[in-house]
Amino acid sequence: MKARPALVYTVLRLLAFLVPLGILMLFPVFQDLFWLAAIFAALIGLSLSILFLRRPLNDVTTGLADRRRERERADDSAAEDAAADAVYGEGAVRSGDGMPSDGAAADARRSDEDGR
């Protein structure tokens, strides 16, 4: 996943909080009760992000899902390679369908005969 969608979404979420907080802090009531301004700014920021930041959030979650799928595919491939190495011996040349090629089987037989 590229960091760009996550960075864009993070910056937009921060702006959705900080801009309302800055505006609320201009009012004299909130200058004394800054914690109340922070609560209102958080609620306003949450509302704004739900309404307007749906696409950036979708981009981030899609990127995370793609990255997870790639990692699972790599883990599955590594597990299959380890299982094939355990069955056929390490370094056996395989054909495209995952089965050892005839040449690999012949090489394995020759090395077994040479070892005897």
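A quick note: this is a predicted structure, and the numbers were derived from the prediction, not measured. Start at 1 with the first residue, then count along the sequence.
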Closest non-hydrogen contact found for Asn58 with Thr62 is O-OG1, 2.7 Å
For Asp59 and Pro5 the tightest heavy-atom approach is CB-CB, 4.1 Å
Sequence neighbours excluded, the answer for salt bridge (charged side-chain N to carboxylate O under 4.0 Å, His left out) partners of Arg69 is Asp66
CD of Glu70 to CZ of Arg67, rounded to nearest 0.5 Å, is 9.5 Å
Distance-only criterion, 3.5 Å: show the donor-acceptor pairs between side-chain atoms of residues 38-56 and protein atoms not counting sequence neighbours.
{"from": "Ser47", "atom 1": "OG", "to": "Leu43", "atom 2": "O", "distance (Å)": "3.0"}
{"from": "Ser49", "atom 1": "OG", "to": "Gly45", "atom 2": "O", "distance (Å)": "3.3"}
{"from": "Ser49", "atom 1": "OG", "to": "Leu46", "atom 2": "O", "distance (Å)": "2.9"}
{"from": "Arg54", "atom 1": "NH2", "to": "Ile50", "atom 2": "O", "distance (Å)": "3.4"}

All N/O donor-acceptor pairs, side-chain side in residues 27-37, below 3.5 Å, sequence neighbours left out:
{"from": "Gln31", "atom 1": "NE2", "to": "Met25", "atom 2": "O", "distance (Å)": "3.2"}

Below 3.5 Å, can you tabulate the donor-acceptor pairs from side chains in residues 6-23 to any protein atom, sequence neighbours excluded?
{"from": "Tyr9", "atom 1": "OH", "to": "Arg13", "atom 2": "NH1", "distance (Å)": "3.1"}
{"from": "Thr10", "atom 1": "OG1", "to": "Ala6", "atom 2": "O", "distance (Å)": "2.8"}

